[in-house]
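Data first, discussion second: the structure below is written as structure tokens.
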Amino acid sequence: MKLPVWYRKADLLTLPLIVLGSFLLLLLPLHKQGNAAVIAIGGRTIAVIDLQQDQPSLSVKGAEGFVFSVVNGAISVIQSPCDGKNCCHTPPVSHEGQWILCLPMQLSVTVLTEEPGTAPDAIIG
């Protein structure tokens, strides 16, 4: 079956545009650099850490046994009391929405662009 000539010409133009558009989407930053990290155990926030200040070894009250590291705007877990130590092997997180979990100890570290309580709940206008 032979395709019409107009169909082939349109394909020659459309395919490169789709490829170029897809490549440009990959270059756009999807997440903002985080300003703070919320550390929670069992869903309860125990600390909010400023990611703008480097702290190579940080212990947090309420998260005994855990040691965190804040370097170049990224936070990581460098010591954990759990057996698997999966949270220690997680790469540092620095962008909004990224997180680190320690399931056995119910610990979560979530990166935010604003500290909790500083952003408005809603904007009406």
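Predicted model only: the values in this text are computed from it and were never measured.
- There is no path of hydrophobic side-chain contacts, each under 4.5 Å, that joins V70 to L101.
- Side-chain atoms of Q33 and H95, non-hydrogen and from C-beta on, do get closer than 4.5 Å to each other.
- A distance of 5.5 Å separates NZ in K32 from OG1 in T113, rounded to the nearest 0.5 Å.
- No side-chain heavy atom of L58 sits less than 4.5 Å from a side-chain heavy atom of V67.
- A continuous path of ILVMFWY side-chain contacts below 4.5 Å connects I46 to I49, so both sit in one hydrophobic cluster.
- Of all heavy-atom pairs spanning A40 and G43, the tightest one is CB-C, 4.3 Å.
- For the pair D54 and N72, the minimum side-chain heavy-atom distance is below 4.5 Å.
- The number of heavy atoms from other shown groups lying within 6.0 Å of CD (Q106) does not exceed 12.
- With a 4.5 Å cut-off on side-chain heavy atoms, I78 and S76 count as touching.
- Put simply, the side chain of L112 reaches to within 4.5 Å of the side chain of V38, judged on heavy atoms.
- Counting only heavy atoms from C-beta outward, the side chains of L107 and F66 approach each other to under 4.5 Å.
- Residues M105 and I100 are members of one and the same hydrophobic cluster, defined by side-chain heavy-atom contacts under 4.5 angstrom among Ile, Leu, Val, Met, Phe, Trp and Tyr.
- The shortest side-chain heavy-atom distance between F68 and V60 falls under the 4.5 Å cut-off.
- Between P104 and C102, some side-chain heavy-atom pair lies under the 4.5 Å cut-off.
- Note that the OG atom of S94 and the CG atom of N35 stand 11.0 Å from one another [nearest 0.5 Å].
- Atoms CD and OG, on E64 and S59 in that order, are 9.0 Å from each other to the nearest 0.5 Å.
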